[in-house]
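Below, each value reflects all heavy atoms present in this structure, side chains not excepted, and no hydrogens, waters or symmetry copies. Just so you know, ligand 1 is whichever comes first in the structure, and atom 1 is the first atom listed for that ligand.
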Amino acid sequence: MDIARQDVLEALRKVKGPELTGNIVDLGLVSEIVVSGASVFFSLTVPAERAEELEPLRAAAEKAAMSAPGVEKASVVLTASKKAGAPSRAVRPGPSAAQAGDVPPPMAARAARPAPQAPPARQGVPGIGAIIAVASGKGGVGKSTTAVNLALALQANGLKVGVLDADIYGPSMPRLLHISGRPQTVTGRILKPMEGYGLKVMSMGFLVDEETPMIWRGPMVISALTQMLREVEWGELDVLVVDMPPGTGDAQLTMAQNVPLAGAIIVSTPQDLALIDARKGLAMFRKVDVPILGVVENMSYFVCPDCGGRHDIFGHGGARDEAERVGVPFLGEVPLDMEIRTTSDGGTPIVVASPDGPHAGVFKEIAERVWARIGEERQMAGSPAIVYE
Ligand code: ADP
């Protein structure tokens with residue numbers, strides 16, 4: 001049975017506000033309600049100093065939501081409202097979410113809720129030379145595969161590199177880099193990044209169980225990202241590669257706005273549809289004044305494992321043409337090759353599996369262009385140039 005948000009709201013209208021007047025819906029405390037199958041997720045905005053005391057309100061909202069037709073599970077998070085001048089904080093929900101397994105993960109629970117008109121936090125991260133985003137207009141184009149191999153290629157070219165897996169709906173870095181376990185706390189909220197093949201890595205995948213449903217409201221996504229960016233002991237890095245969630249929705253746009261990006265790379269397949277989506281990606285970064293470092297065409301052509309012949313099964317060259325047409329640099333083309341897939345799936349990306357092979361060569365060339373583009377953009381922005389050694 002489909003859950004109607006209206007029914008959930010009606011049920012929540014029976015829950016009185018913190019002052020025992022009105023109800024939580026009409027008082028404007030209920031966030032957007034996310035429905036996934038028979039589960040609902042939402043947050044309640046409460047004053048920060050009353051968060052603990054209002055735990056029963058959270059529990060009551062959860063119970064009320066469960067009474068709506070079709071709802072089998074409900075997870076409610078208390079989110080602290082922002083006081084002038086103070087950053088807002090969400091508060092850990094009580095231990096009793098309506099059903100185990102659907103409790104939002106700790107990072108979500110700790111997530112801050114940015115005030116709608118808060119200016120984007122664009123200040124850099126100390127110790128990190130440049131933060132670059134790897135993005136795509138849609139899923140499945142090989143964005144994560146490109147991000148991880150690009151990071152390894154930048155490292156192979158002599159740089160200190162980190163990877164931030166911001167694809168928090170489907171984190172893939174733990175699998176791609178064969179890393180398991182949980183990051184350790186250094187002090188307070190600061191986490192030590194994990195390491196894989198010399199890269200420093202942080203991913204939502206280290207912080208939540210794979211089975212945990214990844215239904216996150218936009219603001220929580222942003223604050224989880226901010227925490228992974230700023231509350232991690234990255235140390236000195238030349239480049240931090242951010243694997244963005246696919247697509248160009250509000251969450252991605254806000255991410256692009258909130259991370260101090262030196263530039264963005266758009267990964268596209270040659271198919272027209274992907275190019276249309278890729279164009280949306282370009283437009284998104286332009287909208288928030290993030291320089292486009294260039295476009296990578298992935299699954300560009302197919303190398304036949306039997307005859308070694310090259311086949312342009314997808315109408316190769318579309319991304320290069322499109323990049324030229326819209327005036328952004330073309331960074332390179334990665335072939336469709338089973339080895340790229342199997343090495344990724346096996347947790348040893350091609351750049352580490354065959355460091356001297358042709359595919360690693362392709363990624364190293366792309367990495368060189370990317371690094372040069374970062375330098376160009378820096379120069380254009382008036383900061384000191386980066387010299388590639
Ligand atoms: P995205 O991050 O865009 O969703 P992924 O990087 O997860 O995409 O790639 C989707 C699938 O395609 C994965 O199974 C991956 O191994 C495979 N893949 C990506 N790029 C290539 C490639 N160049 N050749 C062969 N398989 C690829």
Return the CG to CD distance between Asp289 and Gln257, rounded to the nearest 0.5 Å. 10.0 Å

So is there a nitrogen or oxygen of Asp337 less than 3.5 Å from a nitrogen or oxygen in ligand 1? yes

Do the side-chain N and O atoms of Thr269 and Asn298 include a donor-acceptor pair separated by under 3.5 angstrom? no

Distance-only N or O hit between ligand 1 and Gly139, under 3.5 Å: no

Asn298, any N or O under 3.5 Å of ligand 1 N or O: yes

Looking only at protein heavy atoms, identify the closest one to atom 17 (C) of ligand 1 and say how far it is in Å. Arg341 CG, 3.9 Å

Checking Arg182 side chain against Phe206 main chain: does a donor-acceptor pair fall under 3.5 Å? yes

Is Leu20 isolated, or which residues cluster with it under the ILVMFWY side-chain rule of less than 4.5 Å, directly or via members? none

For atom 19 (C) of ligand 1, what's the nearest protein heavy atom and its distance? Thr145 OG1, 3.4 Å

Okay, side chain of Arg320, backbone of Gly332: is any donor-acceptor separation there less than 3.5 Å? no

Do you know the tightest heavy-atom contact between Ala133 and Met244? CB-CG, 3.8 Å

Using a strict 4.0 Å cut-off to heavy atoms of Met299, name the atoms of ligand 1 that fall inside it. 12 (O), 18 (N), 19 (C), 20 (N)

Quick one: does Glu339's side chain get under 4.5 Å of Ile350's, heavy atoms only? yes

Which pair of heavy atoms, one from Ala147 and one from Met173, lies closest together, and at what distance? CB-CE, 4.3 Å

Can you give me the closest heavy-atom contact between Val8 and Ala68, atom names plus distance? CA-CB, 3.9 Å

Verify atom 11 (C) of ligand 1: protein non-hydrogen atom under 4.0 angstrom away: no

So is Thr146 polar-close to ligand 1, meaning N/O to N/O under 3.5 Å? no

Starting from atom 8 (O) of ligand 1, what is the nearest protein heavy atom, named by residue and atom, and what distance separates them? Gly142 N, 3.0 Å

Tell me whether Arg175 has any N or O atom under 3.5 angstrom from an N or O of ligand 1. no

Less than 4.0 Å is my threshold; does some heavy atom of Ala147 fall inside it relative to ligand 1? no

Where on Ile340 is there a heavy atom closer than 4.0 Å to ligand 1, on the side chain, on the backbone, on both, or on neither? side chain

N or O pair under 3.5 Å between Val141 and ligand 1: yes

So which residues get pulled into Val186's cluster when ILVMFWY side chains under 4.5 Å apart are joined, directly or through others? Ile190

Please say whether Ser144 places an N or O atom under 3.5 Å from an N or O atom belonging to ligand 1. yes

Please state whether Gly140 comes within less than 4.0 angstrom of ligand 1, counting heavy atoms only. yes

Which ligand 1 atoms does Pro335 reach within 4.0 Å, using its non-hydrogen atoms? 22 (C), 23 (N), 24 (N)

